[in-house]
K.L.:
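Let me begin by handing over the structure; questions about it come next.
We use all heavy atoms of the structure for the numbers below, so side chains are in, but hydrogens, waters and symmetry mates are not. Everything quoted here is computed from the prediction, not taken from an experiment.
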Amino acid sequence: MSSEDHHVFHQPRNDVPSGAGRGKLGRRDLGAAGMAFIAASCMTLSSAGQAQQQEQRTRMSRNRATLERYYSALQHKNADELRSAIKEGFAPDAVLRISDSLPYGGTHAGRQVILTMLMGFVTTTEPIIRPEQIKIEQMVEEGDSIVAKAVFPWLAPGAREPIPMSAYEWFTFRGGRVSEMVVSYWDTAACLAAMKAAGAKS
């Protein structure tokens with residue numbers, strides 16, 4: 001084979017047919033087409049990821065909206081709205097757990113039981129916690145759980161002056177409704193001390 005033939009044999013070919021009647025497609029064209037395909041695939045994956053994140057945000061926002069409705073009804077002492085918020089926002093088999101040492105502590109199982117217990121906060125004339133004084137300082141949302149930090153004055157039964165108190169309320173959702181609510185007081189010992197002091201004075 002001559003040097004000229006050898007040169008021709010290794011010369012890149014630009015006459016690869018791209019299809020009948022479609023002309024010629026060179027290596028550069030093939031490379032560009034490949035890059036375009038990869039870019040389109042990445043855009044498709046990115047769009048799918050964004051759609052999934054948007055769906056998750058929508059689900060989370062629905063859970064948070066349920067809590068905001070509940071807290072708003074509680075803070076405004078709106079008995080009718082609170083009843084509706086609990087009936088629509090809590091699962092029939094929902095469970096509310098509060099420290100056993102508190103006057104209203106224990107496990108309250110079932111939406112109707114929870115409703116009766118929470119309605120007492122807006123209907124009693126001698127509340128331990130005044131709903132209108134509850135402030136939600138922060139909410140942290142992760143998946144199907146939301147933790148809210150609430151601060152409020154806490155009045156021991158029989159006491160004249162309340163003590164400052166806070167609690168973390170952990171809500172677990174199932175199907176867009178609260179399935180469990182766990183209330184953890186920051187300082188139950190302070191509550192018990194206040195109750196003891198009030199008992200000694202009475």
K.L.:
Should Lys149 and Glu137 count as side-chain neighbours, where that means a heavy-atom distance under 4.5 Å?
P.N.:
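The answer is yes; the side chains approach within 4.5 Å.
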K.L.:
Could you check whether any side-chain heavy atom of Pro92 comes within less than 4.5 Å of a side-chain heavy atom of Arg111, counting everything from C-beta outward?
P.N.:
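Side-chain contact under 4.5 Å: yes.
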K.L.:
Work out which heavy atom in Arg160 is nearest to a heavy atom in Leu155; give both atom names and the distance.
P.N.:
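Where Arg160 meets Leu155 most closely, the heavy atoms are C-CD1, 3.9 Å.
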K.L.:
So how far is it from Leu115 CG to Leu82 CG, rounded to the nearest 0.5 Å?
P.N.:
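Here the interatomic distance stands at 7.0 Å.
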K.L.:
Restricting to non-hydrogen atoms, name the atom on Asn63 and the atom on Gly176 that form the minimum distance, rounded to 0.1 Å.
P.N.:
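So the minimum-distance heavy-atom pair works out to OD1-CA, 3.7 Å.
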K.L.:
Tell me whether Phe121 shares a hydrophobic cluster with Met119, the cluster being built from Ile, Leu, Val, Met, Phe, Trp, Tyr side chains joined at under 4.5 Å.
P.N.:
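As far as the 4.5 Å side-chain criterion goes, Met119 and Phe121 are connected within one cluster.
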K.L.:
Can you measure from CZ (Phe90) to CD1 (Ile114) and round to the nearest 0.5 angstrom?
P.N.:
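So the gap between those two atoms works out to 6.0 Å.
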K.L.:
Within the 4.5 Å heavy-atom criterion, are Val183 and Arg97 side-chain neighbours or not?
P.N.:
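They are not in contact (no side-chain heavy atoms under 4.5 Å apart), so the answer is no.
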K.L.:
Heavy atoms, side chains only, cut-off 4.5 Å: are Val151 and Pro164 in contact?
P.N.:
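The answer is no; the side chains never approach within 4.5 Å.
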K.L.:
Would you kindly say whether Tyr71 and Glu169 are connected by a side-chain donor-acceptor distance under 3.5 Å?
P.N.:
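Result is yes, a qualifying pair exists.
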K.L.:
Using the rule given for side-chain contact (heavy atoms from CB on, under 4.5 Å), can you reason through Ser184 versus Trp170, listing the C-alpha separation, both sets of side-chain angles and the distance that settles it, and then say yes or no?
P.N.:
CA-CA 8 Å; Ser184 299; Trp170 187 344; over 6 Å; no
K.L.:
Let's go through His76 and Glu132 carefully: what are the C-alpha distance in whole Å and the side-chain angles of both, what is the deciding distance for side-chain contact (heavy atoms from CB on, under 4.5 Å) to 0.1 Å, and is it a yes or a no?
P.N.:
CA-CA 6 Å; His76 289 88; Glu132 67 273 17; over 6 Å; no
K.L.:
Would you please test Ile136 and Gln75 for side-chain contact (heavy atoms from CB on, under 4.5 Å) and show each step?
P.N.:
CA-CA 10 Å; Ile136 305 303; Gln75 291 165 328; 4.0 Å; yes
K.L.:
So how far is it from Leu74 CG to Ile86 CD1, rounded to the nearest 0.5 Å?
P.N.:
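Interatomic distance, Leu74 CG to Ile86 CD1, rounded to 0.5 Å: 8.0 Å.
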K.L.:
Quick check for you: to the nearest 0.5 Å, what is the distance between Gln133 atom CD and Lys135 atom NZ?
P.N.:
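Spacing of CD (Gln133) from NZ (Lys135) equals 9.0 Å.
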K.L.:
Parallel, tilted or perpendicular: which describes the rings of Tyr104 and Tyr185, with under 30° parallel and over 60° perpendicular?
P.N.:
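Rings of Tyr104 and Tyr185: tilted, 30 to 60°.
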K.L.:
Does the distance from a Lys or Arg side-chain N to an Asp or Glu carboxylate O, for Arg69 and Glu81, drop under 4.0 Å?
P.N.:
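Yes, this pair counts.
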K.L.:
Find out if a path of hydrophobic residues (ILVMFWY) with successive side-chain heavy-atom gaps under 4.5 Å connects Trp186 to Met195.
P.N.:
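Different clusters: Trp186 never reaches Met195 through Ile, Leu, Val, Met, Phe, Trp or Tyr contacts under 4.5 Å.
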K.L.:
Could you go through Arg177 and Glu88, starting from their C-alpha distance and side-chain angles, then the distance that decides it, and tell me whether this counts as salt bridge (charged side-chain N to carboxylate O under 4.0 Å, His left out)?
P.N.:
CA-CA 8 Å; Arg177 289 183 171 184; Glu88 297 173 16; over 6 Å; no
K.L.:
Could you check Val182 against Tyr168 for side-chain contact (heavy atoms from CB on, under 4.5 Å), going step by step and ending with a plain yes or no?
P.N.:
CA-CA 8 Å; Val182 180; Tyr168 288 93; over 6 Å; no
K.L.:
Side chains of Ile128 and Met165: does their closest heavy-atom pair fall under 4.5 Å?
P.N.:
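In short, these two side chains do not touch, never coming nearer than 4.5 Å.
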K.L.:
When rounded to the nearest 0.5 angstrom, what distance separates CZ in Phe173 from CZ in Arg62?
P.N.:
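Answer for the CZ-CZ pair, Phe173 versus Arg62, is 10.5 Å.
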K.L.:
Tell me whether Thr124 contacts the main-chain N or O of Glu126 through its side chain, where contact means a donor paired with an acceptor under 3.5 Å.
P.N.:
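Yes, Thr124 side chain to Glu126 backbone: donor-acceptor pair under 3.5 Å.
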K.L.:
Heavy atoms only: give me the nearest Pro153-Pro162 pair and the separation to one decimal.
P.N.:
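Scanning both residues completely, I find the closest heavy atoms to be CB-CB, 3.8 Å.
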K.L.:
Kindly indicate whether the side chain of Val95, heavy atoms from C-beta on, has any atom under 4.5 Å from the side chain of Ser179.
P.N.:
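When only atoms from C-beta onward are counted, Ser179 and Val95 do not touch, as no gap falls below 4.5 Å.
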K.L.:
Measure the spacing between CZ of Phe152 and CD1 of Ile134 and express it to the nearest 0.5 Å.
P.N.:
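So the CZ of Phe152 and the CD1 of Ile134 are separated by 7.0 Å.
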K.L.:
Could you check if a side-chain atom of Thr172 sits within less than 4.5 angstrom of a side-chain atom of Val178, using non-hydrogen atoms only?
P.N.:
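The answer is no, as the side chains (C-beta and beyond) never meet within the 4.5 Å cut-off.
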K.L.:
Could you check whether any side-chain N or O of Ser145 sits under 3.5 Å from a backbone N or O of Glu141, counting only pairs where one atom can act as donor and the other as acceptor?
P.N.:
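Judged by distance alone, no pair lies under 3.5 Å.
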K.L.:
Same cluster for Met181 and Val113 if Ile/Leu/Val/Met/Phe/Trp/Tyr side chains link at under 4.5 Å?
P.N.:
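Per the 4.5 Å side-chain linkage, Met181 and Val113 are not co-clustered.
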K.L.:
Would you check if Leu192 and Lys196 make a side-chain contact, meaning some heavy-atom pair closer than 4.5 Å?
P.N.:
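Heavy-atom side-chain distance check fails, nothing below 4.5 Å.
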K.L.:
Locate the shortest heavy-atom distance separating Thr188 from Ser99; write the atom from each residue and the value.
P.N.:
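Scanning both residues completely, I find the closest heavy atoms to be CG2-OG, 3.9 Å.
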K.L.:
Taking all heavy atoms of Met117 and all of Leu96, pick out the closest pair and write down the distance.
P.N.:
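Scanning both residues completely, I find the closest heavy atoms to be SD-CD2, 3.8 Å.
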K.L.:
So which atom in Ala190 and which in Ile163 form the shortest heavy-atom distance, rounded to 0.1 Å?
P.N.:
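Where Ala190 meets Ile163 most closely, the heavy atoms are O-CD1, 3.6 Å.
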